[in-house]
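Since the structure is predicted, the reported quantities are computational estimates derived from the model, not experimental observations.
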Amino acid sequence: MQQMAVSVRRIIIISRVLDFCRRTFGGKAKTKPGRKAKTAQPVQQQPDVAPRRGAVAPGASLLSDVVHIGRDKHGISRKDISPNALKVLYRLKDAGFDAYLVGGCIRDLLLGIQPKDFDVVTNAKPEQVKQVFRNCRLIGRRFRLAHVVFGREIIEVATFRGHHSGSDDEDDTAPKLKTASLSDHGQILRDNVYGTIEEDAERRDFTINALYYSVNDFSVYDFANGMQAIAARKIELIGDPETRYREDPVRMLRAIRFATKLNMQIAPSAAEPIPQLAVLLKNIPAPRLFDELVKLLLAGKAFDNFMLMRDTKVLKQLLPQLDKLLKQEPEGKAFTLATQALQNTDERVAADKPVTPAFIFAALLWYPVEVRAQALMIDGLSEIDAMNIAMTEVLDDVQRTIAIPKRFTLAMRDIWALQSRLTKRAGRRAFKLLEQPKFRGAFDFLQLRARAEAGNLTELAQWWESFQFADDTARLKLINQLGKEGVDKGPRRRRSYQRKRTES
């Protein structure tokens, strides 16, 4: 313990000496030369429309003059900030480092929304953060991050990002020392390049996320006219939109999500490249795309996000099977089932009821599965075999783009498989189906299908609704009323009898 304390003190002393040298001998200061901080007016007094930001010349700054917003000019109070986040800020400050709350938490607090999490950015390296906090773990290869764990709450601490050339094939650089890498498409593959707060602000994706809150003076620092964008209700990218989307194609999904979540519009300059660049989403790891899609579909804005993904051609890259059916019938049953499921999910989220990705993906992919199963049945396969093969083929195809975890694909299979079994209600079958763990999900799914297709499915859904809430006497009466309906008319298995041998 004494050695650790000595090490921490040495790091603090060295950091302070280096900081003093930078300030004294003309190193990078908190504000770039020629860039003068100015005091901002409240958000309501900002202009309605932010200046359009296009491509910039190489080496030119992407940022405007930093705007200093004093404590009396913004509505952020420490009582609205997580106590654990404040602990991290003050501990880093006491250790001699600069530390700020950054990004979405500041944006949400300014909009009157309670943030779900609080992110911290600092000039301390991840290893230095780990030495300051014993309850810290380092994660990530593409982006090296420190997670400070307080029970169930995790405060994410990132080091200021710096600029890099992206040249990962330099002959004079040892492979182990390479800290940045770009793909042929301009996508950032590895990015552990550290810099100043100004460089970190330039590396942020949207102007509304380049906001920094300091506990030194309780001020907000706006590096990219983020306050202006909030007042204008615009989602704007920092820098050239095409370049920023190529660096990380997931930014297209984030633009859609922020637009619906914050009730804003994607600025024309940011929206225009999305249809042409959406194909770059295929370069994103499938597990990451699943996580991003879950954020879009299970956060209370599923319907709005779905419609915006469809309009911007993003849906074609994520769920091409569904997109193909929607092109054939823009307002057909596939569209009705998907939108009904998404709207129901939004209602459940608003009512604080549980939701699951399995049900959503089951609704989005049901008709691609049904179409494939019907094609296999034409080729001579039985209904059960055709359905099993269709489910496997569609899910395997989806997994190449979106890595849906097995616990959800198994639930999706159960919901799909029960759809045909719900039509067979004679004898004891209806009672046995009620005992199935996924019956409720399958019944809810049947009701959605009935709204999309009507016809016989409406009568079937009404029968099951009556059956599950009736007593035993009423249930037997419902079964007897079926007559020949609900009987499995499929081929029965023939029993083979072996003749007894007669003793001679």
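- The main-chain N or O of Val314 is never found under 3.5 Å from a side-chain atom of Gln317 such that the two would form a donor-acceptor pair.
- Minimum heavy-atom separation, Thr336 to Arg451: CG2-O, 4.3 Å.
- For Glu153 (side chain) and Phe150 (main-chain N/O), no donor-acceptor pair under 3.5 Å exists by modelled atom type.
- No more than 12 heavy-atom neighbours from other residues, nucleotides or ligands sit within 6.0 angstrom of NZ on Lys324.
- Between Leu281 and Leu253 there is a side-chain heavy-atom pair separated by less than 4.5 Å.
- Taking all atoms of both residues into account, the shortest heavy-atom contact from Tyr221 to Ser214 is CE1-CB, 4.0 Å.
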Worked check of side chain to side chain contact (heavy atoms under 4.5 Å, CB included) between Leu89 and Val120: CA-CA 7 Å; Leu89 291 173; Val120 173; 3.8 Å; yes

Worked check of side chain to side chain contact (heavy atoms under 4.5 Å, CB included) between Leu86 and Arg78: CA-CA 8 Å; Leu86 291 174; Arg78 278 175 290 174; 4.2 Å; yes

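- The stretch residues 308-318 participates, sequence neighbours left out, in no salt bridge (charged side-chain N to carboxylate O under 4.0 Å, His left out) pair at all.
- Distance alone, capped at 3.5 Å, is enough to place a donor-acceptor pair between the Lys130 side chain and the Cys136 backbone.
- Counting heavy atoms from C-beta on, the side chains of Met227 and Leu211 come closer than 4.5 Å.
- Under the rule for a salt bridge (Lys or Arg N to Asp or Glu O under 4.0 Å), Lys406 has no partner lying at least two apart in sequence or in another chain.
- Relative orientation of the Tyr213 and Phe218 rings is tilted, given thresholds of 30° and 60° on the angle between their planes.
- Between Arg348 and Thr345, every side-chain heavy-atom pair lies at or beyond the 4.5 Å cut-off.
- A salt bridge is absent between Arg372 and Asp397; no separation between the charged side-chain nitrogens and carboxylate oxygens falls under 4.0 Å.
- Ion pairing between Arg400 and Asp396 fails under the 4.0 Å rule for side-chain N and carboxylate O.
- Annotation: the span from Tyr194 atom OH to Arg144 atom CZ amounts to 7.5 Å, rounded to 0.5 Å.
- Asp346 is linked by a salt bridge (Lys or Arg N to Asp or Glu O under 4.0 Å) to nothing, counting only residues two or more places apart in sequence or in another chain.
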Output, in order, the C-alpha distance, side-chain angles, deciding distance and verdict of side chain to side chain contact (heavy atoms under 4.5 Å, CB included) for Phe306 and Leu322. CA-CA 12 Å; Phe306 177 81; Leu322 174 62; 3.9 Å; yes

Stepwise, does the side chain to side chain contact (heavy atoms under 4.5 Å, CB included) test hold for Val129 with Val88? CA-CA 10 Å; Val129 177; Val88 172; over 6 Å; no

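- Remark: the backbone N or O of Asp98 is paired with a side-chain donor or acceptor of Asn123 at under 3.5 angstrom.
- Residues Leu325 and Pro368 form a side-chain contact, since some pair of their non-hydrogen atoms from C-beta on lies under 4.5 Å apart.
- With rounding to the nearest 0.5 Å, the separation of CZ in Arg254 from NZ in Lys295 is 7.0 Å.
- The structure places CG of Asn344 at 6.0 Å from CD of Gln340, a figure rounded to the nearest 0.5 Å.
- Using modelled atom types, one side-chain atom of Asp200 and one backbone atom of Arg161 make a donor-acceptor pair closer than 3.5 Å.
- Between Cys105 and Asp117 the shortest heavy-atom distance is CB-O, 3.5 Å.
- Contact between Arg233 and Leu262 at its shortest, heavy atoms only, is NH2-O, 2.7 Å.
- Put simply, CG on Leu293 and CG on Leu315 are 9.0 Å apart, with the number rounded to the nearest 0.5 Å.
- For the residue pair Gln114 and Asp80, the shortest heavy atom distance occurs at NE2-O, 3.5 Å.
- For the side-chain contact (heavy atoms from CB on, under 4.5 Å) test, no residue two or more places apart in sequence or in another chain qualifies with Asp352.
- The ring pair (Phe, Tyr, Trp, His ring centres under 6.0 Å) pairs that include a residue from residues 249-268 are Phe206-Phe258, where partners are two or more places apart or lie in different chains.
- Once rounded to the nearest 0.5 Å, the distance linking CG of Leu337 with CG of Leu342 reads 9.0 Å.
- Remark: Lys261 engages Asp108 in a salt bridge (Lys or Arg N to Asp or Glu O under 4.0 Å) (not counting sequence neighbours).
- Although no hydrogens or angles enter the test, the distance criterion places a donor-acceptor pair under 3.5 Å between the side chain of Arg244 and the main chain of Ile238.
- Side-chain contact check for Thr260 and Asn305: at least one donor-acceptor pair (N or O, by modelled atom type) lies under 3.5 Å.
- Using a 30° and 60° split on the angle between ring planes, Phe223 and Tyr212 fall in the perpendicular class, above 60°.
- By the 30° and 60° cut-offs, the orientation of the rings of Phe359 relative to Phe445 is perpendicular.
- Between Phe160 and Tyr100, the ring-plane angle classifies as tilted under the 30° and 60° cut-offs.
- The distance from atom CD1 of Ile208 to atom CD1 of Ile235, rounded to the nearest 0.5 Å, is 3.5 Å.
- The minimum heavy-atom distance linking Arg71 with Ser219 is given by the pair N-OG, 4.2 Å.
- Annotation for Gln343: atom CD counts as buried by contact number, over 12 foreign heavy atoms lying within 6.0 Å.
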Check the pair Glu242, Arg246 against salt bridge (Lys or Arg N to Asp or Glu O under 4.0 Å), reporting the backbone distance first and the verdict last. CA-CA 6 Å; Glu242 181 173 345; Arg246 288 185 180 277; 3.3 Å; yes

